[in-house]
Amino acid sequence: MRSFVVRSVEFALRRRGAASSNRRLFSSDSAPERKVAILGAAGGIGQPLALLMKLNPLVSDLALYDIAGTPGVAADVGHINTRAQVAGYAGEEQLGKALEGSDVVIIPAGVPRKPGMTRDDLFNINAGIVKSLCTAIAKYCPSAVVNMISNPVNSTVPIASEVFKRAGTYDEKKLFGVTTLDVVRAKTFYAGKAKVSVADVNVPVVGGHAGITILPLFSQATPASNDLSTEDIKALTKRTQDGGTEVVEAKAGKGSATLSMAYAGAIFADACLKGLNGVPDIVECSFVQSSITELPFFASKVRLGKNGVEEVLGLGPLSDYEKEGLENLKPELKASIEKGIRFAKDN
Ligand SMILES: NC(=O)C1=CN([C@@H]2O[C@H](COP(=O)(O)OP(=O)(O)OC[C@H]3O[C@@H](n4cnc5c(N)ncnc54)[C@H](O)[C@@H]3O)[C@@H](O)[C@H]2O)C=CC1
Ligand SMILES: O=C([O-])CC(=O)C(=O)O
């Protein structure tokens, strides 16, 4: 069972972009040492994400930090016989140790939505959490790649950028808002509707990570489908935009997406690690500092490399429906970005 699970995960990770000539990188004896820290590791996302990162052979050290509960998670996950050495850190006084030497820091710390709430309703609590965690990152691992999961991502990423700027450590190539779950959903919903194998599907999702700011580009989906009507595309777009709310409502007060998010977070962190290790042609969508529109942050396809972002890729050709969606999302996304920047400057 153990070798089946590990081999399946390794196989899935290899299929996702590593050329066979880079297979060497996956054997534990030759892969470089890479420390990954998860902040919020005892939470709904943090625990399954800790499990998935423990199964990733690119990770040599896994630091699990939360305000409480991480010694138990670390003891549990640490018994899995894979490469990563696991350590749990609880409470602010242990945050520095958790972060020191990290190559990648993943942040799913903060409160999740309940039915009836928007992601922006989380701002008041999560903005402060993200600000204090990023202040510690600037101090203890200023060159780490940061994967921001905490919502509202459209504001928490700008907050992080301001904190790093103030500390003098900002590197726009190393700050990522994790929007992979939007891509995961778009792929799943498209495959179901177009009746194609989900393993072969690709759909870029651009914009931001809330409601109409999530813009899936089904006109660029592969394999292309000629069977989908305009109404089908509109329905797929709406379902992708409302994917988070669908889970929040189904969980009925017990939180938001955790398992699919952990999967998406593990896929994105794996892509960052591969980029750092020099694996070529690693491309994922992410919310990053950008000049492809007039907005200072925007999600689009990004090529990952040894220094984080190697290239922010353009939007490609859009359908009229997507062009309209793009114009419609800009005011909301702009306001969320500005709200984050203002918070960081005022606090
Ligand atoms: N980017 C995305 O696509 C997604 C983002 N999210 C967001 O991820 C966040 C976490 O969601 P869940 O794991 O479901 O919530 P949760 O409440 O289950 O877990 C959050 C964890 O963060 C910890 N935490 C709170 N303050 C902290 C601090 N100062 N330092 C370290 N840890 C701290 C809590 O103790 C808790 O263990 C939420 O903001 C949610 O909206 C959720 C799903 C998808
Ligand atoms: O919807 C939420 O609150 C959590 C989230 O970001 C998602 O599931 O996409």
Take D270 and I267, measure what side chain to side chain contact (heavy atoms under 4.5 Å, CB included) needs, and give me the verdict at the end. CA-CA 5 Å; D270 177 67; I267 293 288; 5.8 Å; no
Which pair of non-hydrogen atoms, one from E33 and one from D103, has the smallest distance, and what is that distance? O-OD2, 3.9 Å
So S286 and E284, do their side chains get closer than 4.5 Å, heavy atoms only? no
pair C134-I159: side-chain heavy atoms closer than 4.5 Å: no
Atom pair CG/OH of L99 and Y140 - distance to nearest 0.5 Å: 8.5 Å
How far apart are the C-alpha atoms of K251 and T258, what are their side-chain angles, what is the distance that settles it, and do they pass the side-chain hydrogen bond (donor to acceptor under 3.5 Å, both in side chains) test? CA-CA 11 Å; K251 290 198 174 179; T258 53; 3.1 Å; yes
Any heavy-atom pair between the side chains of N151 and T156 that's under 4.5 Å? no
Student check: side-chain heavy atoms of V178 and V153 closer than 4.5 Å: no
If two hydrophobic side chains count as joined below 4.5 Å and joins carry through other members, does I212 share a cluster with F218? no
Are the charged groups of E294 and K334 less than 4.0 angstrom apart, N to O? no
Using atom types as modelled and distance alone, determine if a side-chain donor or acceptor of D171 lies under 3.5 Å from a backbone N or O of K173. yes
Ring pair (Phe, Tyr, Trp, His ring centres under 6.0 Å) pairs touching residues 304-347, sequence neighbours excluded, are F123-F343
Under the 3.5 angstrom rule, does the side chain of Q47 hit a backbone N or O of A42 as a donor-acceptor pair? yes
For V288, is there any backbone N or O sitting under 3.5 Å from a side-chain donor or acceptor partner on E172? no
Output for pair (I67 CD1, L95 CG), nearest 0.5 Å, gives 12.0 Å
Nearest 0.5 Å, please: how far is CG in L58 from CG in L276? 10.0 Å
With the side chain counted from C-beta on, respond yes when K301 and V206 share a heavy-atom pair under 4.5 Å apart, and no when they do not. no
Would you find a donor on one side and an acceptor on the other, under 3.5 Å apart, between the side chain of S150 and the backbone of I107? yes
Taking every non-hydrogen atom, the tightest pair across Y190 and P223: OH-O, 2.7 Å
Applying side chain to side chain contact (heavy atoms under 4.5 Å, CB included) to F298 and L333, what does each step give before you reach the verdict? CA-CA 8 Å; F298 202 81; L333 185 51; 3.9 Å; yes
Taking T82 for the side chain and L55 for the main chain, is one N or O donor matched with an acceptor at less than 3.5 Å? no
Give the C-alpha distance, both sets of side-chain angles, the deciding distance and a yes or no for side-chain hydrogen bond (donor to acceptor under 3.5 Å, both in side chains) between S219 and E322. CA-CA 8 Å; S219 69; E322 291 160 359; 2.7 Å; yes
Would a 4.5 Å heavy-atom cut-off, applied to side chains only, mark K187 and V183 as touching? yes
N/O donor-acceptor pair under 3.5 Å between Q241 side chain and I214 backbone: yes
Is it true that K238 and E246 have a side-chain N and a carboxylate O under 4.0 angstrom from each other? no
Any idea which heavy atoms bring L259 and P48 closest together, and the distance? CD2-CG, 4.0 Å
Decide side chain to side chain contact (heavy atoms under 4.5 Å, CB included) for I292 and L313; before the verdict, give the C-alpha distance in whole Å, the side-chain angles of both, and the deciding distance to 0.1 Å. CA-CA 8 Å; I292 65 168; L313 301 172; over 6 Å; no
Checking F189 against V203 for the side chain to side chain contact (heavy atoms under 4.5 Å, CB included) test, could you report, in this order, the C-alpha distance in whole Å, the side-chain angles of both residues, the deciding distance, and whether it holds? CA-CA 10 Å; F189 303 155; V203 185; over 6 Å; no
Hey, does N154 have a side-chain heavy atom less than 4.5 Å from the side chain of H209? yes
Rounded to the nearest 0.5 Å, what separation is found between the CD1 atom of I38 and the CG atom of L49? 4.0 Å
Search all heavy atoms of S60 against all heavy atoms of K35 and return the closest pair with its distance. OG-N, 4.3 Å
Examine distances only and state if a side-chain atom of R303 and a backbone atom of E310 form a donor-acceptor pair shorter than 3.5 Å. no
Is there a continuous path of hydrophobic side-chain contacts, each under 4.5 Å between heavy atoms, that joins I45 to L181? yes
Rounded to the nearest 0.5 Å, what's the gap from CG on L62 to OG on S102? Could you check? 9.5 Å
One thing to verify: whether D227 and K195 come together as a salt bridge, which I'm taking to mean a side-chain N less than 4.0 angstrom from a carboxylate O. no
Minimal heavy-atom distance between G207 and F287, with the atoms involved, is O-CD1, 3.5 Å
Less than 4.5 Å apart, side chain to side chain, heavy atoms only: is that true for R342 and D346? yes
dist T179:OG1 -> I149:CD1 (nearest 0.5 Å) comes out at 11.0 Å
Main-chain N/O of D232 paired to K193 side chain as donor or acceptor, under 3.5 Å: no
If hydrophobic clusters are built by linking Ile, Leu, Val, Met, Phe, Trp and Tyr wherever their side-chain heavy atoms come under 4.5 Å apart, do M148 and V205 end up in the same one? no
I'd like to know whether CD of Q85 has more than 12 heavy-atom contacts from other residues, nucleotides or ligands below 6.0 angstrom. no
With no hydrogens and no angle check, do the side chains of T245 and R113 hold a donor and an acceptor under 3.5 Å apart? yes
Is it true that L295 and L318 fall in one hydrophobic cluster, defined by side-chain heavy atoms closer than 4.5 Å? yes
Donor-acceptor pair, distance only, cut-off 3.5 Å: does the side chain of N126 make one with the backbone of V111? yes
Quick check on the hydrophobic clustering: are M117 and M261 connected, directly or via other members, by side-chain heavy-atom contacts under 4.5 Å? yes
Of all heavy-atom pairs linking P115 and G253, the shortest is CD-N, 3.4 Å
